[in-house]
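Just so you know, ligand 1 is whichever comes first in the structure, and atom 1 is the first atom listed for that ligand.
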Amino acid sequence: MVAIPKTQKAVVFEKHGGPLVYKDIPVPTPGPDEILINVKFSGVCHTDLHAWKGDWPLDTKLPLVGGHEGAGVVVAKGNQVTNFDLGDYAGIKWLNGSCLSCEYCNNGFEPNCASALLSGYTVDGSFQQYAIAKAIHAAPIPAGTDLANVAPILCAGITVYKAIKESGVKPGQWLAVAGAGGGLGSLCIQYGRLMGLRVLGIDTGAAKAKLAQDLGTEVFIDFAKTPDLVAEVIKVTDGGPHAVINVAAAEKPFEMSCRYVRPRGTVVAVGLPKNGYIRSEIMTTVLKSITIKGSYVGNRADTTEALDFFSRGLIESPIKIVGLSELASVFELMEKGEIAGRYVLDTSK
Ligand code: NAD
Ligand code: ZN
């Protein structure tokens with residue numbers, strides 16, 4: 001039995017865009033169907049930045065502890081919990097809980113549940129040392145896993161793995177990743193390769209180009225240095241990619257992907273830019289018979305499957321580790337687009 005302290009370190013904000021305060025707060029107590037996870041590492045997703053800035057028309061809890069890529073150890077559990085024991089490794093995901101009895105939950109579309117609880121958004125998340133998760137939704141992480149490296153899989157990995165499946169792309173076909181050098185993109189390249197796809201990465205800057213190439217893109221295009229991106233993508237993929245995963249937090253690449261996607265191809269929206277819309281010219285949409293669809297994190301099965309690729313040593317986690325107290329400077333770098341891969345916070349610092 002590990003001793004659970006009464007207080008812990010966390011990063012809290014009281015209003016959107018307000019100070020990110022590293023301070024002591026009480027350690028929460030799990031309810032009957034919940035586990036308390038001693039979070040060792042937490043990835044910083046661009047969603048956390050959107051949440052802090054208040055970018056979306058979906059209210060957050062305030063004050064809020066953000067974070068939804070938390071990897072740690074179960075230290076307490078409610079009396080209804082049967083799927084975790086104390087000492088097990090577990091992960092905090094974006095989808096903290098859902099009703100499990102609505103039309104969407106019943107069909108495995110748990111993220112679409114109207115009563116979904118969202119970590120680091122509607123409930124406190126993983127930018128703290130002890131976080132609560134509904135046991136049924138917490139990610140089971142195999143014993144012996146490197147908790148820093150697995151953290152980005154808990155949102156970025158699950159999300160891109162699911163998005164590729166949603167695209168319907170087949171082995172041997174082209175997959176374009178718009179935003180390839182970021183947290184989601186750098187994992188999307190790898191899941192794509194593992195699924196037998198030819199991956200085209202689109203992003204900007206030497207660091208992101210190198211990362212994307214090291215992780216397996218067959219071609220990388222720097223969008224800032226390419227005057228006619230649409231023509232270039234069509235040229236290098238000999239007719240356009242069969243699927244595009246848009247993971248940029250910007251609107252423009254979505255519209256472009258509708259223009260360069262191959263006839264009969266699929267454009268998947270994953271990135272969530274503020275006030276964003278996808279514009280696709282109707283004539284082209286019809287004549288090319290393209291599909292435009294959204295993909296939102298993943299369900300419990302997607303979680304297990306995405307983690308399995310990682311556990312078998314097939315995914316390289318492109319992380320840089322800094323202390324939890326440094327969240328504000330990580331957000332600053334992310335805002336400027338200067339993060340290649342993912343930053344992970346060590347909650348002990
Ligand atoms: P990130 O900041 O790590 O990466 C975004 C990347 O997009 C950066 O490398 C940036 O250079 C690149 N980019 C910007 N403009 C571009 C352009 N015009 N063309 C190509 N690339 C461009 O962010 P992240 O953590 O990977 O998250 C990306 C987005 O996905 C965010 O909006 C986040 O909220 C969203 N997200 C959605 C889901 C979901 O379930 N749909 C899950 C997680 C994150
Ligand atoms: Zn996320």
Side-chain angles (χ1 to χ4, degrees), residues 42-53 55-56 58 66-70 91-96 110-112 116 118-121 125-127 151-163 166 176-189 200-209 211-212 220-226 229-230 232-233 244-257 260 268-276 293-299 302-303 306 318-320 330-344:
S42 177
V44 183
C45 178
H46 206 115
T47 290
D48 300 312
L49 177 60
H50 291 302
W52 172 62
K53 287 165 64 184
D55 275 353
W56 299 334
L58 180 66
H68 58 275
E69 285 184 350
I92 299 276
K93 308 184 279 104
W94 174 249
L95 194 65
N96 191 289
E110 298 141 22
N112 306 111
L118 310 175
S119 305
Y121 206 88
S126 55
F127 296 155
I153 307 299
L154 298 167
C155 173
I158 295 167
T159 301
V160 297
Y161 169 67
K162 175 70 163 191
E166 288 277 5
V177 183
L184 268 64
S186 54
L187 291 172
C188 193
I189 294 168
L200 159 71
I202 305 169
D203 210 310
T204 191
K208 290 177 186 177
L211 179 68
F220 179 86
I221 298 179
D222 190 320
F223 69 83
K225 291 188 187 153
T226 310
L229 184 83
V230 172
E232 185 64 17
V233 171
V244 188
I245 310 293
N246 275 291
V247 289
E251 191 179 53
K252 186 123 190 268
F254 288 78
E255 182 198 335
M256 288 191 155
S257 62
Y260 62 62
V268 186
V270 173
L272 294 160
K274 183 179 180 177
N275 299 328
K293 68 193 295 191
S295 187
Y296 183 30
V297 289
N299 63 17
D302 301 315
T303 299
I319 60 167
K320 188 157 186 221
V330 175
F331 276 169
E332 223 169 275
L333 289 172
M334 187 176 267
E335 179 83 62
K336 288 193 223 146
E338 285 175 8
I339 298 179
R342 195 54 127 205
Y343 269 69
V344 167

Counting non-hydrogen protein atoms only, what is the nearest one to [atom]? Give residue, atom name and distance.
atom: atom 28 (C) of ligand 1; answer: Val247 O, 2.9 Å
atom: atom 30 (O) of ligand 1; answer: Gly271 CA, 3.3 Å
atom: atom 13 (N) of ligand 1; answer: Ala248 CB, 3.7 Å
atom: atom 10 (C) of ligand 1; answer: Asp203 OD1, 3.5 Å
atom: atom 33 (C) of ligand 1; answer: Thr47 OG1, 3.4 Å
atom: atom 24 (P) of ligand 1; answer: His46 CB, 3.5 Å
atom: atom 25 (O) of ligand 1; answer: Arg342 NH1, 2.7 Å
atom: atom 4 (O) of ligand 1; answer: Gly182 CA, 3.4 Å

Between ligand 1 and [X], is the shortest N or O to N or O distance under 3.5 Å?
X: Trp56; answer: no
X: Gly179; answer: yes
X: Val297; answer: yes
X: Thr204; answer: no
X: Leu184; answer: yes
X: Val270; answer: yes
X: Gly183; answer: yes

Does Cys45 have a heavy atom less than 4.0 Å from any atom of ligand 1?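 Per 4.0 Å heavy-atom rule, Cys45 contacts ligand 1.
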
Out of curiosity, is Tyr343 lining ligand 1, as in a heavy atom under 4.0 Å away?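 It does not, in that no heavy atom of Tyr343 comes within the 4.0 Å cut-off of ligand 1.
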
Indicate the ring-plane relationship of Trp52 and Phe331, choosing parallel, tilted or perpendicular according to the 30° and 60° boundaries.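 Trp52 vs Phe331 ring planes: parallel.
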
How far does CG of Asp222 sit from CD1 of Ile202, to the nearest 0.5 angstrom?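 With rounding to 0.5 Å, CG (Asp222) is 10.5 Å from CD1 (Ile202).
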
Spacing of His50 atom NE2 and Trp56 atom CH2 [to the nearest 0.5 Å]: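 If we round to the nearest 0.5 Å, His50:NE2 and Trp56:CH2 are 5.0 Å apart.
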
Selected option - heavy-atom contact closest to atom 39 (C) of ligand 1, from Asp48, Asp55, Thr159: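 When every heavy atom of Asp48, Asp55, Thr159 is considered, Thr159 comes closest to atom 39 (C) of ligand 1.
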
Side chain, backbone, both or neither: [X] near ligand 1, heavy atoms under 4.0 Å:
X: Phe223; result: side chain
X: Lys252; result: neither
X: Cys155; result: side chain

Any N/O/S atom, side chain or main chain, of Cys155 closer to the Zn ion (ligand 2) than 2.8 Å?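 A backbone or side-chain N, O or S atom of Cys155 is under 2.8 Å from the Zn ion (ligand 2).
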
Please say whether more than 12 non-hydrogen atoms of neighbouring residues, nucleotides or ligands are located less than 6.0 Å from NZ in Lys320.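 Incorrect, the count does not exceed 12.
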
Do the side-chain N and O atoms of Tyr121 and Trp94 include a donor-acceptor pair separated by under 3.5 angstrom?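 Side-chain D/A pair, Tyr121 to Trp94: absent.
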
Review item, side-chain donor-acceptor pairs of residues 244-257, under 3.5 Å, at least two apart:
| unit_1 | atom_1 | unit_2 | atom_2 | d |
| --- | --- | --- | --- | --- |
| Asn246 | ND2 | Ser257 | OG | 3.0 |
| Glu251 | OE2 | Tyr277 | N | 2.5 |
| Ser257 | OG | Pro253 | O | 3.3 |
| Ser257 | OG | Phe254 | O | 2.7 |

May I have the angle between His68 NE2 and Cys45 SG with its vertex at the Zn ion (ligand 2), rounded to 10°?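 NE2 of His68, the Zn ion (ligand 2) and SG of Cys45 span an angle of about 110°.
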
